[in-house]
Amino acid sequence: MNRKKKVVSTLKKKAKKANAKLAPSSNKPRYISKAEREKIALEAELILQENVLQEPVLQESVQQESVQEEPSVEKDQATAK
C-alpha cells in the first residue's frame, strides 16, 4: 500500500507542475530591488547629461552645415543667370 501511495503522489506532483506551467502567469511586474532602481536612475541621469552636453555640439554642426550650403546656392543662382 505504501508503494502505491508513493507512486500516486509522485504522479500527482508531476501533473500539478505541468498544469502550473500551462496556467497563465500573473500580471504582477517583476520586483526590482532598491539598489537596482538607484543604478537605473543613475544611468538615466548620465544619459541625460550626455545628451545635454551633445546638443550644443549638434547645434553648432547644423549651423556650420547651413553656412556651407548657402554659398553653393548663390553659385547655382549665378550660373543660372
Report, as yes or no, whether the 6.0 Å neighbourhood of atom CZ on Arg3 holds more than 12 heavy atoms from other residues, nucleotides or ligands. no
Extract all donor-acceptor atom pairs below 3.5 Å that involve side chains of residues 27-34 and protein atoms in other chains or at least two apart in sequence.
from  : atom 1 : to    : atom 2 : distance (Å)
Ser33 : OG     : Glu36 : N      : 3.3

Report yes if some heavy atom in the side chain of Gln49 is under 4.5 Å from a heavy atom in the side chain of Leu46; otherwise report no. yes
In Å, rounded to the nearest 0.5 Å, how long is the span from CG of Leu11 to NZ of Lys13? 11.0 Å
